[in-house]
K.L.:
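Input: one structure, supplied below.
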Amino acid sequence: MKVDKREIVAALLPGAALALWALGGGALFSATLEPAERSALGAMLEPRAALLLLGWLLLSGVLGWALRAAYLRWVAAAGRLAEEARVLLAADVEREIEPQGGAEIRDVADVVNRLAAQRGALRADIAAQVREASRSVEQERNRLAALMAELTQSVVVCNLDGRILLYNSRARTQFRALSSAPSVSGGAELIGLGRSIYTVFDRALISHALESVQQRLQRGAAHPSAQFVTSTRAGQLLRVQMAPVRAIATEGAMSRAVDAAPGEVALNGFVLMLENITRDFADESGRDRLLHGLTEGSRASLGNLQAAVELLEDEDVDAATRERFHGVIRDEVRAMSQRIRELASHTAQTMKTRWPLEDMLGADLLAAAARRIESQCGCRVSTSEVDATLWLRVDSFSLLQALLYLAGRLVDEYEVKSVSLRLAEASGRARLDLAWIGPTMSTEIVMGWETDAMRIGDESLALTVRDVVERHDGAFWFERERVRHESFFRWLLPLAASSEQLDAAQIVKTESRPEVYDFDLFRASEQSRELAERPLAELAYTVFDTETTGLEPSNGDEIIQVGAVRIVNGRLLRQEIFDQLVDPRIPLKPEGIPIHGITEDMVRGQPTIDAVLPAFHEFCTDTVLVAHNAAFDMRFLQLKEDSTGVRFQQPVLDTLLLSAVIHANQESHRLESIADRLGINVIGRHTALGDAFVTGEVFLKMVGLLADMGIHTLRQALEAAQKTYLARVKY
Amino acid sequence: MSKKVLIADDEPNIVISLEFLMKREGHAVSVARDGPAALEAIRTARPDLVLLDVMMPGLSGFEVCQAVRADEALAGVKILMLSAKGRDTDIAKGNAMGADAYMTKPFSTKELAEKVRELLGAA
């Protein structure tokens, strides 16, 4: 037991004080006496010294005991109470403080106990509520997942950075068709949690759609969705509908959402519904051509017929001319019959879907166009002559591009400094002008722009202005106004059927909560921090392994299998995998077969490394690579850089090196030993994918262990790995 | 009063009728089979009226029309556009390009003859 110095002081203090008082008092007293009196007093006291000492001792003992008791009762007890209360505060323990000391102190202890009990009850209550809430969230999640799985439409949910947060199986199937290497990766390089949707869709297209959604939201439209059609790298035509996911404002919790400018409705993501209309569109185009041929072809034929027949009735026709008219009639009748036969041989449907157009307020479109032209071409844009009441039915994205492209060429090639955009109604259509005052230019050259593939900045598009006009079933031409020295491009565009007329009852109050599930999936947002400074626990990883014909890549050994799995948000995503055998184009070594279990028959007919590596490279987009003994695998990949043209420049973490960082004193850093140490079950090893799974689980455990050692960021992990002596091993 | 009429059309089956019709009206008729030939004929022969088909090889009727209207020297040439393109956007474009009249196929020869008389009378 610790000695309390203050307790001893309390016990001895009265005696010391008494002694001091007696001696001091005595000395003072004797100083006032005459020498005779002093010796008389001395003679009186001397024989009674023992008695005086006894009295002092007795009094000191009694007072000392009393003061010590008081000290223990009030001061020491208060100290102990504070200590115990501090323990209660710091820990989650549920225990009572033993009341002791004086009555007041006991009271305080009692109050502390009751506060602690209250705290315990509150905690239990919150825990129960959290459990209940997460149970219902879980339930809603399951319900939504079930719902999404049932949908025949593909649905992809993204946050504002375009990272995929949710997708259904239909979407997965759809993305397979979009993959440029469907046989190798099956679209897994395109769709996956945390992957960027911008690998599939042009970022500008998505931001444009978001902008229109935002405009609609601000106007209070009941269905603020946007639609666009786009073609993918694989040549597929997709119709995409975008619906906003609104931010649910909670104080401070959703920093991103709160950033919205005043008047803007805060979004924290969007839902994309995709429909592959490649075939529909091809069908439709065919039907269109047929219909077109029928109407315009028939018009011409009928014109020829009518003229010939009418003129045959003329009396002045001589025999030779009459025969020529008869020839015309025979010829045209035959031509028309032929057309009808062709039409009948197709099952022409009456329904006609054109390039899908959307309704848009003309003023919005021109405002957007003006903004872009000003920022990209650096020329002034006036929009003073715009009829703000006109609703257009347009493919706004391609139309914007056409405007931007034409303005760009005017600025680049004719140094036009300012243009104006005009919009007016003209006999049931919208008349959109891009006008400028300036140098005369040749009509032929300017109209050549109509059929050139559009270029915006450095980007070249497959579309031409004429394509855009045709999408709108409109017209386009160039005109000059001599008097005003003004030239302009003019479009005739369809007007929207008076839809989107906002019915007051339909208006959704923007601040009201939409009736959707309250998933907080959207909180995940891109950190602007550099990759290297981001915490390991936050990053997305591709954990991979390769099987090879042998151990010497520089001596002609080749990859025969690549397996990989993704880690996103600290979860191993066993569904998002890459698993591919590779034809090495050299015979397998017999001694290797028992190890990897891959035989000649298995690799024959598989794609070669030239096809597999590009697909794998895409699968790894935006992730950090993780492999066990990564130097070995990376060496194989690097040796293929020249022949495949893909470079793996992502940061690489090696579980072998990380193991050496964590367990510096262990003998073995083989994958089995590490898995064993970390308590991970090893099944299905020695296939590339099986090893990737084990490596992934090992890596996830390591992230926690590294954090305990103060290694939190990617940079720290890379540096620590580099320092270990094993890093010097080179293949 | 004889006028010079140019028929610009690549379809012989309509040219036969138009040629007959215009001759019957008493005009001197010449024929061009494609866009560039039509433009050339207009520049050299200076016809009073052109029956101009929209769908021609080389240059479209629209382009021929615009080129003619861009040339001050050819201001007196009347242009009647004939087209199997019957959409209102095409008609609007034809008028914007400076055509004096636009007729959609099929048309009645009587109406065409009247229209030609009207245009030439106004000249």
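These numbers come from the heavy atoms of this one structure, side chains and all, not from hydrogens, waters or symmetry mates. First the proteins, then the strands, lettered A, B, ... as listed; each starts at 1.
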K.L.:
Between B:Lys105 (side chain) and A:Ser301 (backbone), is there a donor-acceptor pair under 3.5 Å?
P.N.:
no

K.L.:
Please round to the nearest 0.5 Å and tell me the distance separating atom CD of B:Glu72 and atom CZ of A:Arg482.
P.N.:
5.0 Å

K.L.:
Determine the option with the most heavy-atom pairs under 4.5 angstrom with chain B, choosing from A:Asp314, A:Asp331, A:Leu302.
P.N.:
A:Asp314

K.L.:
For the CH2 atom of A:Trp491 and the OG1 atom of B:Thr89, what is their distance to the nearest 0.5 Å?
P.N.:
15.0 Å

K.L.:
Which atom names give the shortest non-hydrogen contact between A:Phe478 and B:Gln66, and what distance separates them?
P.N.:
O-NE2, 2.6 Å

K.L.:
For B:Ser108, is it the side chain, the backbone, both or neither that has a heavy atom under 4.5 Å from a heavy atom of chain A?
P.N.:
both

K.L.:
Looking only at heavy atoms, what is the nearest atom pair of A:Asn304 and B:Ser17, with distance?
P.N.:
O-OG, 4.2 Å

K.L.:
Measuring from B:Glu63:CD to A:Glu444:CD, what's the distance to the nearest 0.5 Å?
P.N.:
8.5 Å

K.L.:
To the closest 0.5 Å, what do you measure between CD (B:Glu19) and CG (A:Leu311)?
P.N.:
12.0 Å

K.L.:
Starting from the C-alpha separation in whole Å, work towards a yes-or-no answer on side chain to side chain contact (heavy atoms under 4.5 Å, CB included) for A:Arg480 and B:Arg69.
P.N.:
CA-CA 11 Å; A:Arg480 239 195 315 261; B:Arg69 287 298 174 238; over 6 Å; no

K.L.:
Between chain B and each of A:Ala300, A:Ser298, A:Gly327, A:Gly428, count heavy-atom pairs under 4.5 Å; write down the option with the most.
P.N.:
A:Ala300

K.L.:
Under 4.5 Å heavy-atom distance to chain A, tell me which part of B:Arg24 shows up: side chain, backbone, both or neither.
P.N.:
side chain

K.L.:
Of the non-hydrogen atoms in A:Val328 and B:Ile16, which two are nearest, and what is the gap between them?
P.N.:
CG2-CD1, 3.5 Å

K.L.:
Which bit of A:Val317 comes within less than 4.5 Å of chain B, counting heavy atoms only: side chain, backbone, both or neither?
P.N.:
both

K.L.:
What is the distance from atom CG of B:Asn13 to atom CZ of A:Arg330, rounded to the nearest 0.5 Å?
P.N.:
11.0 Å

K.L.:
For B:Lys110 versus A:Glu310, what's the shortest heavy-atom pair and its separation?
P.N.:
N-OE1, 3.8 Å

K.L.:
Below 4.5 Å from any heavy atom of chain A, which atoms of B:Asp88 appear? Answer side chain, backbone, both or neither.
P.N.:
side chain

K.L.:
Would you name the heavy atoms of A:Leu492 and B:Ala92 that are closest together and state the gap between them?
P.N.:
CD1-CB, 3.6 Å

K.L.:
Kindly check if the number of other-residue, nucleotide or ligand heavy atoms within 6.0 Å of CZ (A:Arg324) is above 12?
P.N.:
no

K.L.:
Measuring from atom CZ of B:Phe20 to atom CG of A:Asp318, what distance do you get when rounded to the nearest 0.5 angstrom?
P.N.:
7.5 Å

